[in-house]
Amino acid sequence: SLKLECDKLASEKSEMQRHYVMYYEMSYGLNIEMHKQAEIVKRLNGICAQVLPYLSQEHQQQVLGAIERAKQVTAPELNSIIRQQLQAHQLSQLQALALPLTPLPVGLQPPSLPAVSAGSGLLSLSALGSQAHLSKEDKNGHDGDAHQDDDGEKSD
């Protein structure tokens with residue numbers, strides 16, 4: 001019985017190690033994606049700053065106001081966006097699963113299920129994680145105006 005229990009613990013250990021590696025890889029992928037998105041934001045801000053002086057004074061004020069409003073994303077708005085993205089993703093998966101109504105000719109196989117790529121899987125996971133994190137913030141009474149990222153810098 002001790003041998004059996006030892007084998008059971010060994011299999012649980014290897015299973016836990018597999019989970020750890022999987023979560024580590026997902027975390028790493030999400031971290032890379034976050035830094036990529038931050039770099040995109042910096043570049044787009046640079047483009048806006050370069051183009052802004054060429055606009056008329058009235059348009060400059062409108063653009064500056066729109067940029068400030070874009071920076072004031074709230075947690076409920078993020079939750080809404082995430083829900084919409086998840087619903088669109090689920091809808092596209094359901095459409096991909098739809099079987100053809102006409103019978104296939106003999107010898108042809110129906111299309112196989114699409115494989116979920118690492119990017120879409122991570123995106124779905126990050127959306128779910130963000131949604132869970134944001135709902136916790138809503139319950140704790142925090143507002144989503146300014147968060148600190150991993151480097152301790154305040155972001156808008």
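Along the sequence shown, residues are numbered consecutively beginning with 1.
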Residues which pass side-chain hydrogen bond (donor to acceptor under 3.5 Å, both in side chains) with E15, listed by chain and number, not counting sequence neighbours: R18, H19
Approximate separation, where rounding is to 0.5 Å, of L78 CG and R83 CZ: 10.5 Å
Find the distance between CG (N45) and CG (L52) and round it off to the nearest 0.5 Å. 11.0 Å
Rounded to the nearest 0.5 Å, how far does OH of Y23 lie from CG of L30? 12.5 Å
Same cluster or not: are I40 and I47 linked, directly or through other Ile, Leu, Val, Met, Phe, Trp or Tyr residues, by side-chain heavy atoms under 4.5 angstrom apart? yes
Output all residues satisfying side-chain hydrogen bond (donor to acceptor under 3.5 Å, both in side chains) with Q37, sequence neighbours left out; order by chain, then residue number. E33
In terms of heavy-atom contacts, does CE of M16 have more than 12 from other residues, nucleotides or ligands at under 6.0 Å? no
List the residues meeting salt bridge (charged side-chain N to carboxylate O under 4.0 Å, His left out) with K42, not counting sequence neighbours, and say none if there are none. E39
Residue pair H89 / Q93, side-chain donor-acceptor N/O under 3.5 Å: yes
Partner set under side-chain hydrogen bond (donor to acceptor under 3.5 Å, both in side chains) for E77, not counting sequence neighbours: T74
If you measure from CD1 on I81 to CG on L86, what distance do you get to the nearest 0.5 Å? 12.0 Å
Do any side-chain atoms of residues 61-68 form donor-acceptor pairs under 3.5 angstrom with protein atoms, and if so which ones, sequence neighbours left out?
none

If hydrophobic clusters are built from ILVMFWY residues whose side chains come within less than 4.5 Å, do V41 and M34 share one? no
Drop me the distance from S1's OG to E5's CD, to the nearest 0.5 angstrom. 7.0 Å
I'd like to check H35 versus N31 (side-chain heavy atoms, cut-off strictly below 4.5 Å). Are they in contact? yes
Using salt bridge (charged side-chain N to carboxylate O under 4.0 Å, His left out) as the criterion, list what pairs up with K3, not counting sequence neighbours. D7
